[in-house]
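To start, the structure itself, in structure tokens.
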Amino acid sequence: MRRMRGCLAFALAQLVLQSTAGAQIAERWPLDPGGSVRIVNPVGRIRVLGSDVDSVAVSGRLGPRAGRFSAAGDAHVRTLGVDAAAGGGAAELEVHVPRGATVWVKSATASIEVEGADGPLDLSSQGGSIRVVGTPQDVTAETMDGAVELAGGTARARVKTVSGDILLRGASQTSAPRL
């Protein structure tokens, strides 16, 4: 009887560990080189990597109580998201996109990192930091409490933060008005 209780307790502990360990994400879909990717992850980390691919590939991990991962769309527009209403836990996402894709990212407290993306970027986090490395066409980066860093240069940048630091490094294209 005592051994049965021990086995039952061990099985129950394993079940609890599996339910709180989170789920792994590994998905891929075709995307036009100039397509759009929309990413929503309220809590955790979002890393976007631009490369010479013709698809969107997402990998990562949903932490305990992070909710569900979902994806929708087609080869022109793909939306990726973590449902925050389910519990508010953190999720870590790494998203590979075509280098010229338009990327839109929204979070509450997740940090946002973008590297190697040359298309337009629209990045927003209420409390997380934003870091962009590369030469995107256009960058909009807004955060309330996080720091913003742009490194590498861009044709046009709009950066806003209420209480975070702003660091701009690298060359930026400017155009003089024609007379």
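It should be emphasised that the depicted structure is a prediction, and the values quoted were computed from it without experimental measurement.
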Do the side chains of [Y] and [X] get nearer than 4.5 Å, heavy atoms only?
X	Y	value
Val159	Val139	no
Arg45	Glu113	yes
Arg68	Leu62	no
Glu115	Arg47	yes

Where [X] and [Y] come nearest, the two heavy atoms and their spacing:
X	Y	result
Ser55	Pro98	O-CD, 3.4 Å
Pro136	Thr154	O-OG1, 2.7 Å
Ala90	Gly44	CB-CA, 3.9 Å
Arg99	Asp52	NE-OD1, 3.3 Å
Ser125	Ala110	OG-O, 3.1 Å

Is it possible for you to say whether [X] and [Y] belong to one hydrophobic cluster, with membership spreading through side-chain heavy-atom contacts below 4.5 Å?
X	Y	answer
Val40	Leu80	no
Leu168	Val133	no
Ile25	Trp29	yes
Ile112	Ile166	yes
Val103	Leu49	no

Could you grab the distance from atom [atom1] of [X] to atom [atom2] of [Y], nearest 0.5 Å is fine?
X	Y	atom1	atom2	answer
Lys106	Gln126	NZ	CD	6.0 Å
Glu142	Asp122	CD	CG	7.0 Å
His76	Thr102	NE2	OG1	13.5 Å
Leu150	Arg169	CG	CZ	10.0 Å
Glu149	Leu167	CD	CG	5.0 Å

side-chain contact (heavy atoms from CB on, under 4.5 Å), paired with [X], selected from [options]:
X	options	answer
Asn41	Val95, Leu93, Val105	Leu93
Val58	Arg28, Glu27, His96	Glu27
Ile130	Leu123, Thr161, Ile46	Leu123

Do Asp145 and Ser163 have side-chain atoms, one donor and one acceptor, less than 3.5 Å apart?
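Yes, Ser163 and Asp145 have a side-chain donor paired with an acceptor closer than 3.5 Å.
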Looking at Thr140 and Arg158, would you say the former's side chain and the latter's main chain have a donor-acceptor pair under 3.5 Å?
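Here the side-chain-to-backbone pair does not exist.
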